[in-house]
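Letters A, B, ... mirror the listed sequences (proteins, then strands); counts begin at 1.
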Number of protein chains: 2
Amino acid sequence: MSLSHGLYEAFLAVARAGSFTAAAHALGYTQSAVSRQVQSLEDEMGAELFERLPRGVRLTEAGRVLLPHAEAVRDRLAAARAELASLRTLDGGLLRLGAFSSATASLVPRAQAAFRERHPGVVVTRVEGPSVKHLGLVAAGEEDLAVVGPTPAAPPPPGVTLHHLLDEPMLVALAQGHRHAGRRAVRLAELADEEWITGHERLEDTLFRPAVAAGFRPRTGLLAHDWIAKLGAVAADLGITLVPALAAASVRPDVALVTIHPDDVPYRRICAAAPSTPTVAATAFLGVLRETAEALIPPTHP
Amino acid sequence: MSLSHGLYEAFLAVARAGSFTAAAHALGYTQSAVSRQVQSLEDEMGAELFERLPRGVRLTEAGRVLLPHAEAVRDRLAAARAELASLRTLDGGLLRLGAFSSATASLVPRAQAAFRERHPGVVVTRVEGPSVKHLGLVAAGEEDLAVVGPTPAAPPPPGVTLHHLLDEPMLVALAQGHRHAGRRAVRLAELADEEWITGHERLEDTLFRPAVAAGFRPRTGLLAHDWIAKLGAVAADLGITLVPALAAASVRPDVALVTIHPDDVPYRRICAAAPSTPTVAATAFLGVLRETAEALIPPTHP
DNA sequence: TGACTGCCATGTCTCTCTCGCATGGTCTGT
DNA sequence: ACAGACCATGCGAGAGAGACATGGCAGTCA
């Protein structure tokens, strides 16, 4: 049951050439080698594949039956080779991408567009979800790359390495008529009396986590889970809320955004999570992500 | 480029088991053997197929790409094996059958029906034509079996063996009102004054060949190439003609048939022409042909 | 923290398999 | 009858595949 693939190669060559000698010449083998290979295949199949004639050979019925199968196998193997090669050269393949929701507002779509421009053959699938989930998926090999924000579990899971992309400033969203609207920057202390709209009951789970750790205790009455609801409340001047810079582009026009000082609410560190041995496509996409991130928010480390 | 097929077997087993060790156990190999096989395939493909983890292995993207191809190849080879096996057991396959035209009146269709009854999986294709042509086709391997009558070229071509099926009596076709109609047998001498309808200009090319060689010189005015025309003329009492017994069943009812003495127009020797190394299906069909021939015209050798 | 366990890689040996060379047999065409 | 073409086969050298044993690495449990 060794059944080397060369047997089929020899079979096809002989079927094509109509003679062992000619096939051997075409394959760069000796006639005796081809004769033995065909014999091996015949033993393996339990049937004579060629009728030996004084002038060359001719396919038997078994040979005629086997021929299309052998051709199909040869073609399929060639297709597999070609597909693997196109994988190496980024002419094809699949990139399974993950990202947390506010990264999909501008960063990931832009990177995706740039990547598609350069490597149109690679299919990119994107899944949204919380960063922790993506870290797990990358570790499990079910995602090739993920854009993640900071997670409570500081060290990434084994087999996953984080590549820093950008430090995202935080903005404060205010109603257009708000007294701070129109300012370029604001300190958190100036907003201590505002009504804050948060995403979770526990402030530690929100973007406030660093500020809370520093002793900031805002008035939090309103709870809204999605951006639409949050910004709707802001527009109605029911309160104010934090907005990550990456989501700024998708904010409704009747809401004003004001930069908040990084000492009060620090930059959010956005990373790409890749397996320790990333895919060729993942590496390429990581490069595009870096460029896009730099174009969006230039690194202005204080 | 040896690329034994076992490589794919190992690859599939590992992909299925998720571990080299488990796959080796399933295949009855050692872990080291599977490790080397996978490595060979990876070298061959120029890509890592598995990601080595502390707990087993996991498919890389290249592995995921290769997997369906490998499965397809395995299935295709299995299909080829199955088809070849079914060929041996007459559960499938193709029988290319040839026959001269008057054999297709009753002998060949009956045999075909009996064969289909026993081996419904075998597809039988039938081609009509003159016997000499079929001998050539069988010799060329383009037909698996042929039913032929006597041919001018006495010895069959090399690689073709003739198997005697039956000796076919010759009949005389007469108009219903003919003076000889209704008789059981007739001698050629009694028909010397009749107008004979022949198929060819040269009498030597017709069923008369033996009689002509014996000195018989009939009046031949009418020439008709096909049976419809011949028997039409006979029915109109324009003349009489010879009809081989195998075609008797398909003669129109307003024509009478009378046996002619074998000393005058000898039995026509009907044979099956098979290659020296016939197909399983051809051998089986030959047996059915023998039975059918015996049932149609029992061998009454004088 | 240290021993243990499970898993894969690899060095080495052996045995089989394969290929090339040369020869022999068979059929064809001159 | 002889030369030519073609396939089968005996023989020897070389490569390849598998088994065995070992080593390295990571996770697990006491």
Between [X] and [Y], does at least one N-O distance fall below 4.0 Å, as a salt bridge requires?
X: A:Glu61; Y: B:Arg88; result: no
X: A:Glu143; Y: A:Arg96; result: no
X: B:Asp144; Y: A:Arg64; result: yes

Would you kindly give the [atom1]-to-[atom2] distance between [X] and [N], to the nearest whole Å?
X: A:His25; N: C:dG20; atom1: NE2; atom2: C1'; value: 15 Å
X: B:Leu27; N: D:dA17; atom1: CG; atom2: C1'; value: 14 Å
X: A:Glu42; N: D:dC7; atom1: CD; atom2: P; value: 12 Å
X: A:Gln31; N: C:dT26; atom1: CD; atom2: P; value: 16 Å
X: A:Leu49; N: D:dA8; atom1: CG; atom2: C1'; value: 16 Å
X: B:Arg55; N: D:dT28; atom1: CZ; atom2: C1'; value: 8 Å
X: A:Arg36; N: D:dG12; atom1: CZ; atom2: C1'; value: 12 Å
X: B:Glu48; N: C:dC8; atom1: CD; atom2: P; value: 14 Å

Nearest heavy-atom contact between B:Ala284 and B:His119 is CB-NE2, 4.3 Å
Is the distance from OP1 or OP2 of [N] to the nearest side-chain N or O of [X] less than 4.0 Å?
X: B:Ser19; N: C:dC8; value: yes
X: A:Ser35; N: D:dA8; value: yes
X: B:Gln39; N: C:dT10; value: yes

query: On DNA chain C, nearest-nucleotide positions of B:Ala33 versus A:Ala33: which is more 5'?
result: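 Closer to the 5' end of DNA chain C: B:Ala33.
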Answer with yes or no whether A:Ser32 presents, from its side chain, a donor or acceptor under 3.5 Å of a partner atom in the base of C:dC21. yes
Q) With nearest nucleotides of DNA chain D determined for B:Gln37 and A:Pro54 from heavy-atom distances, which residue corresponds to the more 5′ nucleotide? A)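 Its nearest nucleotide lies further toward 5', so the answer is A:Pro54.
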**Prompt:** Is B:Thr21 touching bases, backbone alone, or none of the nucleic acid, heavy atoms closer than 4.0 Å?
**Reply:**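 Counting heavy atoms under 4.0 Å across all strands, the contact made by B:Thr21 is with sugar-phosphate only.
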Between A:Arg268 and A:Ser102, do the side chains contain an N or O donor and an N or O acceptor separated by less than 3.5 Å? yes
